[in-house]
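All remarks here apply to the structure that follows.
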Amino acid sequence: MRNQVKHFINGEWIESTGSETIDVVNPATEEVMGKISSGTNEDLDKAVAAAKAVLPTFSNSTREERIQWLHNIVEGYKKRKDEFIEVMTDELGAPLSVSEEVHYNMGLGHFSHAAEALESFSFSENRGGHTVLKETIGVSGLITLWNFPTNQTSTKIASAIAAGSPVVLKPASKTPFAAMMLAEIIDEAGVPKGAFNLVNGTGSVIGDGISSHRDIDFVSFTGSGSVGEKIMQNAAQTIKKVALELGGKSPLIVLDDANVEEAAKSAVSHMMTNTGQVCSAATRILVPTSLKVQFEEAVQKVLPSFPVGDPRKKGIATGPLVSEDQWETVQSYIEKGEKEATLLIGGTGKPEGLEKGYFAKPTVFTDVSNDMVIAQEEIFGPVTTILTYDSLDQALDIANDTIYGLAGYVIGKNPEKLRDVASKIKAGRITVNDADTDFHGPFGGYKQSGIGREWGDFGIEEYLEVKSVHGMPS
Ligand code: NAP
Ligand code: MG
């Protein structure tokens with residue numbers, strides 16, 4: 001049992017001013033794996049005060065100092081690789097291989113890439129008639145989701161350190177332990193006291209407190225659209241800047257010259273990776289009508305190569321959903337899908353032999369039309385939908401007929417068509433033929449998928465204000 005009931009404030013682990021705790025549940029066993037404190041507004045005030053106190057010095061730290069801190073964090077992070085992998089497997093339910101290859105690596109990548117981006121980042125630019133200076137925005141409040149425990153936290157923290165912005169982090173209460181490891185690593189890296197603070201607790205107390213706090217200048221949030229809306233409303237009271245990373249319902253367009261087996265593998269990988277709890281996952285698969293049957297057969301053939309089961313067992317590709325709530329939500333979408341579309345694989349209930357743990361059956365719907373609930377709403381589980389199209393224009397219309405715009409995918413051979421699709425999908429990140437993710441590339445959404453960008457130099461920009469100086473002596 002991990003009983004970690006303290007908050008990290010001003011460089012120290014301190015007791016909460018309240019006595020309530022939150023149980024953290026291992027979703028594969030349904031057992032309580034540890035406890036955290038349910039923080040109070042008083043705890044939050046202390047953390048914000050610490051951040052505010054260090055702001056003048058931290059925001060004036062040099063580029064070299066910040067790069068050194070980021071490098072030190074990278075070294076400290078690497079030393080705790082095995083522990084990170086185990087912690088994320090237990091708190092999130094990610095298979096050990098996914099915890100290592102996806103979660104561990106993404107967190108690490110953000111710190112090392114922020115250091116790299118900072119090397120050449122321009123904080124001052126002479127534009128002839130005026131000079132543009134980029135200065136720390138102030139104290140930042142960070143609120144994160146559970147689905148990528150190190151990625152969500154690290155991208156925000158790395159950008160904030162690069163920009164010299166002290167932070168108060170409230171990690172998701174479902175997955176707090178990897179974030180608490182980061183606090184220890186950041187402390188050991190020599191980052192000044194007060195520049196990184198972590199307060200655990202519920203969204204309704206600490207999250208709400210962050211977004212409405214008078215001494216917080218910027219809020220960076222990752223999570224659901226409904227909470228994003230509340231955060232904007234709270235932030236409006238003090239005209240606080242917000243960055244929101246919200247949901248998605250991303251299209252994957254399979255071109256008529258695509259290798260159908262490869263396209264099916266990609267579609268299945270999107271629904272199975274991290275048990276489909278990926279905001280940028282492709283969950284609307286658009287195939288030419290002429291390839292529909294072939295594509296369905298290929299999906300059925302490839303699915304068994306993504307075995308579902310105990311995330312601590314070798315060879316498992318997909319673990320449970322993060323919580324009972326999430327399991328119930330996914331079940332209700334599968335029920336809706338069974339009414340509106342054709343069930344190709346899966347369905348409601350738990351997979352055979354996996355009655356304990358929040359496991360869901362990998363589920364594929366076909367004959368889906370874009371106005372169905374399962375094509376419009378984010379399910380956040382191992383569920384995908386197959387839609388058909390007859391012309392590329394029609395495919396693009398369907399792809400863009402959504403309130404979201406986080407990501408888009410295209411698979412095929414013709415370079416002209418690939419370029420055309422990449423430029424016409426209205427979304428913040430497009431991936432052609434399963435290209436690798438470059439950590440320097442900005443991440444964020446159009447439309448209701450969010451506001452702002454994370455990762456690399458675009459991520460750093462969020463934590464800065466822009467000042468124009470006219471008549472600057474040279
Ligand atoms: P959620 O409720 O929005 O939770 C996200 C975070 O916000 C948690 O730390 C949560 O605290 C906190 N929170 C809850 N209520 C709050 C409030 N009133 N004020 C401030 N903070 C509050 O997320 P969810 O419903 O569990 O997760 C699923 C959604 O997140 C999906 O729709 C998915 O698309 C989206 N998502 C987006 C991205 C992206 O980058 N675009 C990435 C991943 C997921 P607790 O500790 O109490 O939960
Ligand atoms: Mg929620």
Side-chain angles (χ1 to χ4, degrees), residues 20-25 27 36-39 41 44 91-92 103 106 110 141-156 168-177 179 198-213 216 219-235 240 242-250 273-281 283 321-330 333 376-381 402-407 427-429 442-455 459:
E20 281 185 28
T21 57
I22 300 171
D23 286 343
V24 180
V25 175
I36 53 167
S37 168
S38 182
N41 280 307
L44 175 62
E91 65 182 8
L92 173 65
H103 297 291
M106 287 187 90
H110 290 306
L142 317 178
I143 305 169
T144 55
L145 187 72
W146 41 262
N147 67 338
F148 282 80
T150 45
N151 169 61
Q152 316 292 25
T153 48
S154 299
T155 183
K156 293 179 187 342
V168 177
L169 166 69
K170 188 210 96 62
S173 52
K174 289 190 181 88
T175 58
F177 296 124
L198 183 156
V199 179
N200 274 319
T202 63
S204 52
V205 176
I206 305 302
D208 188 79
I210 286 176
S211 57
S212 48
H213 208 288
I216 289 181
V219 176
S220 177
F221 169 76
T222 299
S224 60
S226 54
V227 173
E229 201 180 311
K230 279 190 200 145
I231 286 176
M232 275 185 100
Q233 279 164 1
N234 278 348
K240 220 189 275 329
V242 294
L244 305 174
E245 296 290 344
L246 310 175
K249 192 76 192 177
S250 300
T273 301
N274 219 38
T275 324
Q277 302 164 125
V278 180
C279 49
S280 55
T283 49
L321 291 158
V322 72
S323 65
E324 192 170 1
D325 282 1
Q326 194 64 26
W327 189 86
E328 295 288 353
T329 305
V330 170
Y333 277 113
Q376 285 295 321
E377 296 185 15
E378 185 173 47
I379 299 174
F380 234 50
T402 164
I403 58 167
Y404 294 115
L406 190 58
R429 169 169 294 184
F443 181 85
Y446 286 24
K447 303 195 267 182
Q448 291 186 35
S449 289
I451 299 175
R453 294 292 180 270
E454 300 199 294
W455 302 29

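Note that the numbering runs from 1 along the sequence shown for the chain. Hydrogens, waters and symmetry mates play no part in the numbers below; they use all other heavy atoms, side chains included. Counting starts at 1 for both ligands and their atoms, following the listed order.
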Nearest 0.5 Å please: distance from the CG atom of Leu145 over to the OG atom of Ser224. 7.5 Å

Atom indices of ligand 1 within 4.0 angstrom of Thr202 heavy atoms, with elements: 47 (O)

At under 4.0 Å between heavy atoms, what of Gln277 touches ligand 1? The answer is neither

Check whether any heavy atom of Phe443 sits under 4.0 Å from an atom of ligand 1. yes

Using only heavy-atom distances, determine whether the side chains of Asn151 and His103 contain a donor-acceptor pair under 3.5 Å. no

Counting only heavy atoms, which portion of Ile210 has something under 4.0 Å from ligand 1: side chain, backbone, both, or neither? neither

Under 4.0 Å from ligand 1, counting heavy atoms only, is it the side chain of Glu245, its backbone, both or neither? both

From the options Gly450, Gly207, Gly247, Ala281, select the one whose nearest heavy atom is closest to atom 20 (C) of ligand 1. Gly207

Check for me whether Ser211 has a heavy atom closer than 4.0 Å to any atom of ligand 1. no

Pair Lys249 + Glu377, salt bridge at N-O below 4.0 Å: no

Quick check on contacts: which atoms of ligand 1 are under 4.0 angstrom from a heavy atom of Ile143? 6 (C), 7 (O), 9 (O), 12 (C), 21 (N)

Describe, in one word, how the ring planes of Trp455 and Phe443 are oriented to each other, choosing from parallel (under 30°), tilted (30 to 60°) and perpendicular (over 60°). parallel

Is any N or O atom of Lys174, backbone or side chain, closer than 3.5 Å to an N or O atom of ligand 1? no

Can you give me the closest heavy-atom contact between Glu454 and Ser220, atom names plus distance? OE2-OG, 3.5 Å

Could you tell me, atom by atom, which parts of ligand 1 come under 4.0 Å of a heavy atom of Asp208? 19 (N), 20 (C)

Element-labelled atoms of ligand 1 that are located less than 4.0 Å from some non-hydrogen atom of Ser173: 45 (P), 46 (O), 47 (O), 48 (O)

With backbone taken as N, CA, C and O and side chain as the heavy atoms from C-beta onward, which portion of Thr144 lies under 4.0 Å from ligand 1: side chain, backbone, both, or neither? backbone

Would you mind reporting whether Val219 and Ile210 have side-chain heavy atoms less than 4.5 Å apart? yes

Can you name the atoms of ligand 1, numbered from 1 with element, that are less than 4.0 Å from a heavy atom of Lys230? 18 (N)

Please determine, by modelled atom types, if Asn234 and His213 share a side-chain donor-acceptor pair under 3.5 angstrom. no

Have a look at ligand 1 and work out which part of Phe221, if any, has a heavy atom under 4.0 Å from it: side chain, backbone, both or neither. side chain

Minimum distance, heavy atoms only, to atom 1 (P) of ligand 1: which one of Gly444, Ala172, Ser224 is it? Ser224

Under 3.5 Å, N or O to N or O, is Trp146 touching ligand 1 that way? yes

If the condition is side chain to side chain contact (heavy atoms under 4.5 Å, CB included), which residues does Gln448 pass it with, not counting sequence neighbours? Ile403

Do ligand 1 and Gly203 have nitrogen or oxygen atoms that lie under 3.5 Å from each other? yes

Among Lys249, Gln152, Lys170, which one has a heavy atom closest to atom 10 (C) of ligand 1? Lys170

For Cys279, counting its heavy atoms only, list the atoms of ligand 1 lying under 4.0 Å from any of them. 36 (N), 37 (C), 38 (C), 39 (C), 40 (O), 41 (N), 42 (C), 43 (C), 44 (C)

Does CD belonging to Glu328 count more than 12 external heavy atoms closer than 6.0 Å? yes

Pick one of side chain, backbone, both or neither for how Thr222 approaches ligand 1, counting any non-hydrogen atom pair under 4.0 Å. both

Considering the options Thr202, Ile36, Val24, which one meets the side-chain contact (heavy atoms from CB on, under 4.5 Å) requirement together with Ser173? Ile36

Report yes if the side chains of Leu244 and Met232 come closer than 4.5 Å at any heavy-atom pair, otherwise no. yes

Measuring from atom 39 (C) of ligand 1, which candidate in Val205, Asp325, Leu246 has the nearest non-hydrogen atom? Leu246

Measuring centre to centre across the rings, with the benzene-like ring taken for any Trp, is Trp146 within less than 6.0 Å of Phe380? yes

Where the side chain of Gln152 meets the backbone of Thr222, is there a donor-acceptor pair that is under 3.5 Å apart? no

I'd like to check Leu169 versus Thr153 (side-chain heavy atoms, cut-off strictly below 4.5 Å). Are they in contact? yes

Check each atom of ligand 1 against the heavy atoms of Asn147 and keep those under 4.0 Å away; list them by number with element. 42 (C), 43 (C), 44 (C)

Which atoms from ligand 1 have a heavy atom of Leu406 less than 4.0 Å away? 41 (N)

